[in-house]
Amino acid sequence: MSVVCFGELLIDFVPTEKGVTVGAAAQFIKAAGGAPANVAVALSRLNHAATFLGQVGDDPFGHFLAQTLQASGVNIEGLRFSQEALTALAFVELSDSADRSFIFYRKPSADMLMRPEDVAFDLIQGQRVFHFGSISLISEPGRSATLAAVEYARNNGLLISYDPNLRMNLWPDREAAHAGLMIGFDYAQVVKVSAEELEFLTGGSDAMALFRPQTLILAVTHGAEGAALHTREEAVSVPAFAVNAVDTTGAGDAFMAALISGVLEAGESLADQLAEIGRFACAAGAITATIKGAIPALPTRQQIYGFLSRAVGDQA
Ligand code: ADP
């Protein structure tokens, strides 16, 4: 079943050493990044037809990203190349616990300059799911392009999926971040938030506070502690799988893609399959945490099934 992912596509520069600041690091590895793009690749590995809509610079990094998506089986007919700005860069700090902080080069970057008229609406039509995040909502004209795309998707009956993916230092202030992140909940049927995002958005830990009339399922991720999945009637807690985490970059995106995939496959029996979908998504996240980088680490469906069959009774 086909999914279109909309948003930022950028280069992550990851230090070769853990536990050093970006300023102190001597060497960086170049990797494709951007949460919606990672989700597109992850869905492609799960055997879904995935299309990516976004904009990079008409520069060597932009073309490298286009090739990376294409090599992963993602349709890039709707990827634009800007003449006005360069591809976004993010330098990623790896702390000893393999958590991440970021420094972004986007003043502005090509993804931020995507306009509503740059959106390939014809590639949204006829798809099953539209997935997006909040980073493309931060500034104009990207915000208008995002809203035009998601509204088109909604009007054409696509299932809407949203990962707010808070990057506080990209927003002008906390109020703007809060208001911006909230927008997506009004559209989405499928949502993933981290526990920190839930706390920032609601001031607490009640996932139901983020439910809107059209919301079907909302997942709250807790990193190495696992996740909780909520529907309007039910909630399940899924413990994480114990793995040797070397780099959690992309774990949330792998989880998101597996969640979308699980929801599509469950169809009407979503409530009955909540725990199973949660295990599938947590396995995808756990596998991703064991390999450096995001895209190289995103698992195939077969890898997840293999991991789950070995992990029976082995959850942390
Ligand atoms: P995000 O904050 O982007 O939502 P998380 O870091 O919470 O993403 O990871 C998403 C999911 O991936 C978690 O819910 C968990 O199931 C799995 N995961 C992440 N980190 C680990 C880890 N260190 N060990 C095992 N599973 C992990």
Side-chain angles (χ1 to χ4, degrees), residues 5 7-8 12 18 33-43 45-46 90 92-102 131-135 161-168 170 177 181 184-185 188 190-201 205 207 210 217-230 235-262 274-295 297-299 303-304 307-308 310-311 314-316:
C5 297
E8 72 282 6
D12 279 332
K18 251 195 212 176
N38 290 342
V39 173
V41 171
L43 283 160
R45 300 231 169 110
L46 297 176
V92 182
E93 225 165 80
L94 284 183
S95 70
D96 285 329
S97 63
D99 276 333
R100 306 146 282 155
S101 64
F102 297 87
H131 172 76
F132 73 121
S134 76
I135 292 182
S161 161
Y162 177 60
D163 175 358
N165 205 15
L166 175 63
R167 296 282 177 263
M168 191 68 85
L170 296 184
L181 263 64
F185 296 95
V190 181
V191 179
K192 181 205 76 129
V193 293
S194 67
E196 297 77 29
E197 286 160 350
L198 178 59
E199 157 79 36
F200 170 68
L201 290 170
S205 58
L210 292 175
I217 183 166
L218 189 144
V220 182
T221 56
H222 296 269
E225 323 265 78
L229 269 59
H230 302 261
V236 296
S237 265
V238 187
F241 293 93
V243 291
N244 177 23
V246 297
D247 175 10
T248 59
T249 313
D253 302 325
F255 181 100
M256 183 78 242
L259 177 68
I260 293 170
S261 184
L274 217 48
E276 221 171 297
I277 295 170
R279 264 173 65 78
F280 186 67
C282 281
I287 296 168
T288 305
T290 63
I291 299 166
K292 261 200 168 176
I295 287 181
L298 299 168
Q303 279 173 306
I304 300 176
F307 179 91
L308 282 170
R310 286 191 300 276
D314 194 28
Q315 238 160 340

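Order of listing sets the numbers, starting from 1, for every ligand and every atom in it.
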I need the contact type for Glu196 against ligand 1. Using non-hydrogen atoms and a strict under-4.0 Å cut-off, is it side chain, backbone, both or neither? neither

When you compare ligand 1 with Ala281, is there at least one nitrogen or oxygen pair between them that comes in under 3.5 angstrom? no

I need the atoms of ligand 1 closer than 4.0 Å to a non-hydrogen atom of Cys282, numbered in the order shown. 16 (O)

Side-chain contact test, heavy atoms from C-beta onward, threshold under 4.5 Å: evaluate it for Glu8 versus Pro36 and give yes or no. yes

Check each atom of ligand 1 against the heavy atoms of Val243 and keep those under 4.0 Å away; list them by number with element. 24 (N), 25 (C)

Are any non-hydrogen side-chain atoms of Ile277 and Val236 less than 4.5 angstrom apart? no

May I ask which of Ala195, Ala35, Gly226, Pro164 has a heavy atom nearer to atom 14 (O) of ligand 1 than the others do? Gly226

Can you find a heavy atom in the side chain of Ser134 that is under 4.5 Å from one in the side chain of Leu166? no

State the atoms of ligand 1, each with its element, that fall below the 4.0 Å cut-off from a heavy-atom position in Ser194. 2 (O)

Of the options Thr221, Asn165, Asp163, which is the one that meets Met256 in a side-chain contact (heavy atoms from CB on, under 4.5 Å)? Asp163

A side-chain contact here means heavy atoms from C-beta on lying under 4.5 Å apart; do Ile260 and Val39 qualify? yes

Can you confirm, on distance only, whether ligand 1 has an N/O atom lying under 3.5 Å from any N/O atom belonging to Gly223? yes

If the test is side chain to side chain donor-acceptor pair (under 3.5 Å), which one of Thr288, Asp12, Asp253 qualifies with Asn38? Asp253

Would you check if Leu46 and Ile304 make a side-chain contact, meaning some heavy-atom pair closer than 4.5 Å? yes

4.5 Å side-chain heavy-atom contact, Phe241 and Leu308: yes

Using a strict 4.0 Å cut-off to heavy atoms of Ala251, name the atoms of ligand 1 that fall inside it. 9 (O), 10 (C), 12 (O), 19 (C)

For atom 26 (N) of ligand 1, tell me which residue out of Ala289, Ala286, Ala242 has the closest non-hydrogen atom. Ala286

Ligand 1-proximal atoms of Ala245, by part, heavy-atom distance under 4.0 Å: side chain

With heavy atoms of Lys192 as the reference, note each atom of ligand 1 found under 4.0 Å away. 1 (P), 3 (O), 4 (O)

Would you mind running through ligand 1 and noting each atom that sits below 4.0 Å from a heavy atom of Gly285? 12 (O), 17 (C)

